[in-house]
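We use all heavy atoms of the structure for the numbers below, so side chains are in, but hydrogens, waters and symmetry mates are not. If you read the sequence from its start, that first residue is 1, and numbering goes on from there.
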Amino acid sequence: MSKIIGKLNPLNPRLKEHTFMMDIAQRVADESHDPKTKVGAVIAKDRNILSYGYNGTVQGSSNVMRCSDNKCLDTVIHAEMNALAKLAMSTHSGKGSTLYCTLFPCMPCSLSLIQAGIDTVIYKNDYKENEAEDLLRSSNVKLFKL
């Protein structure tokens with residue numbers, strides 16, 4: 001276990017559930033058209049999937065996500081934001097739910113996760129030194145690496 005971010009205890013009775021949800025997040029990531037970085041996110045509560053999303057482009061636009069020098073375009077929507085947008089169009093609330101994400105959320109996504117009431121983030125891979133970690137922790141969001 002690291003000093004700041006907890007690792008899920010292998011004896012945790014919910015580890016199988018968390019692993020299952022992360023497996024789904026990974027399958028969702030595979031839907032991304034990004035040739036370099038595929039990210040998937042699942043929002044769940046009480047063992048039910050409320051929403052999911054992957055990094056991509058807005059509905060009806062081209063699936064081109066990178067410019068000629070292979071940099072990500074500003075028009076790309078992150079997996080977490082796609083999942084939150086789908087959640088917003090549903091009858092469900094994010095309050096008290098868990099985000100399972102294949103990549104640690106960036107700062108803008110973290111702001112939206114906090115505002116949506118997500119109280120736990122379980123992630124698979126680190127991203128940019130997890131720069132939003134302090135923000136999430138100070139907002140009482142529990143962080144775990146799976």
Side-chain angles (χ1 to χ4, degrees), residues 1-59 61 63-66 70-73 75-146:
M1 181 157 90
S2 71
K3 191 165 77 174
I4 299 176
I5 296 178
K7 229 172 149 48
L8 288 173
N9 181 340
L11 300 176
N12 183 329
R14 293 188 62 201
L15 182 60
K16 186 175 180 182
E17 172 191 343
H18 296 315
T19 302
F20 176 75
M21 291 294 184
M22 187 62 75
D23 287 348
I24 294 172
Q26 189 60 60
R27 294 286 303 264
V28 169
D30 292 340
E31 294 298 310
S32 172
H33 292 278
D34 191 335
K36 185 176 176 187
T37 306
K38 296 179 181 293
V39 182
V42 171
I43 299 172
K45 185 175 183 182
D46 301 326
R47 299 178 183 231
N48 292 305
I49 295 173
L50 304 179
S51 183
Y52 67 89
Y54 53 87
N55 56 322
T57 56
V58 295
Q59 292 178 15
S61 70
N63 286 321
V64 174
M65 298 178 64
R66 297 196 172 265
N70 206 28
K71 290 188 178 169
C72 189
L73 297 173
T75 54
V76 170
I77 302 169
H78 291 186
E80 304 93 324
M81 295 300 270
N82 258 334
L84 286 171
K86 288 178 184 175
L87 182 65
M89 292 190 298
S90 76
T91 59
H92 299 289
S93 167
K95 189 164 181 69
S97 61
T98 298
L99 173 82
Y100 296 87
C101 198
T102 59
L103 199 59
F104 193 89
C106 68
M107 187 64 76
C109 287
S110 293
L111 292 167
S112 294
L113 293 169
I114 292 163
Q115 289 299 95
I118 306 293
D119 70 3
T120 304
V121 172
I122 299 176
Y123 68 100
K124 186 174 182 180
N125 298 303
D126 296 316
Y127 176 68
K128 291 188 179 178
E129 300 174 4
N130 300 348
E131 65 185 4
E133 181 180 324
D134 289 340
L135 170 70
L136 290 163
R137 288 247 178 235
S138 68
S139 297
N140 297 316
V141 176
K142 297 177 281 304
L143 302 172
F144 296 99
K145 185 171 185 177
L146 186 60

Rounded to the nearest 0.5 Å, how far apart are [atom1] of [X] and [atom2] of [Y]?
X	Y	atom1	atom2	answer
K128	F104	NZ	CZ	13.5 Å
D23	T19	CG	OG1	6.5 Å
I43	M21	CD1	CE	12.0 Å
H78	S110	NE2	OG	11.0 Å

Closest heavy-atom contact between [X] and [Y]?
X	Y	answer
N130	Y123	ND2-OH, 3.6 Å
Y100	H18	OH-ND1, 2.8 Å
Y127	C106	CE2-CB, 3.9 Å
A116	L84	CB-CD2, 3.6 Å
E80	P105	OE2-CA, 3.2 Å
D126	L103	O-CD1, 3.4 Å

Residue pair V121, K142: steps toward the side chain to side chain contact (heavy atoms under 4.5 Å, CB included) verdict: CA-CA 6 Å; V121 172; K142 297 177 281 304; over 6 Å; no
Between the main-chain N or O of [Y] and the side-chain N or O of [X], is there a donor-acceptor pair closer than 3.5 Å?
X	Y	answer
T102	G40	yes
S51	A83	yes
S138	D134	yes

Cation over ring face, K86 and Y52, 6.0 Å, 45°: yes
Cationic N near anionic O, under 4.0 Å, D119 to K95: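 So D119 does not pair with K95 through a salt bridge.
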Going by heavy atoms in the side chains, are [X] and [Y] under 4.5 Å from each other?
X	Y	result
Y54	D30	no
T75	V58	no
I24	I49	yes
L50	S90	no
V64	L73	yes
M65	C72	no
K145	K124	no

For D34, all residues meeting side-chain hydrogen bond (donor to acceptor under 3.5 Å, both in side chains), sequence neighbours excluded: R66
Test side-chain hydrogen bond (donor to acceptor under 3.5 Å, both in side chains) applied to S32 - qualifying residues, sequence neighbours left out: N55
Steps toward side chain to side chain contact (heavy atoms under 4.5 Å, CB included) verdict (L99, T120): CA-CA 6 Å; L99 173 82; T120 304; over 6 Å; no
Trace of the side chain to side chain contact (heavy atoms under 4.5 Å, CB included) decision for L146 with L15: CA-CA 9 Å; L146 186 60; L15 182 60; 3.6 Å; yes
Of all pairs that satisfy salt bridge (Lys or Arg N to Asp or Glu O under 4.0 Å), the ones with a partner from residues 38-54, not counting sequence neighbours: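 Residue pairs passing salt bridge (Lys or Arg N to Asp or Glu O under 4.0 Å), neighbours aside: E17-R47.
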Stepwise side chain to side chain contact (heavy atoms under 4.5 Å, CB included) test for I118 and T98: CA-CA 6 Å; I118 306 293; T98 298; 5.9 Å; no
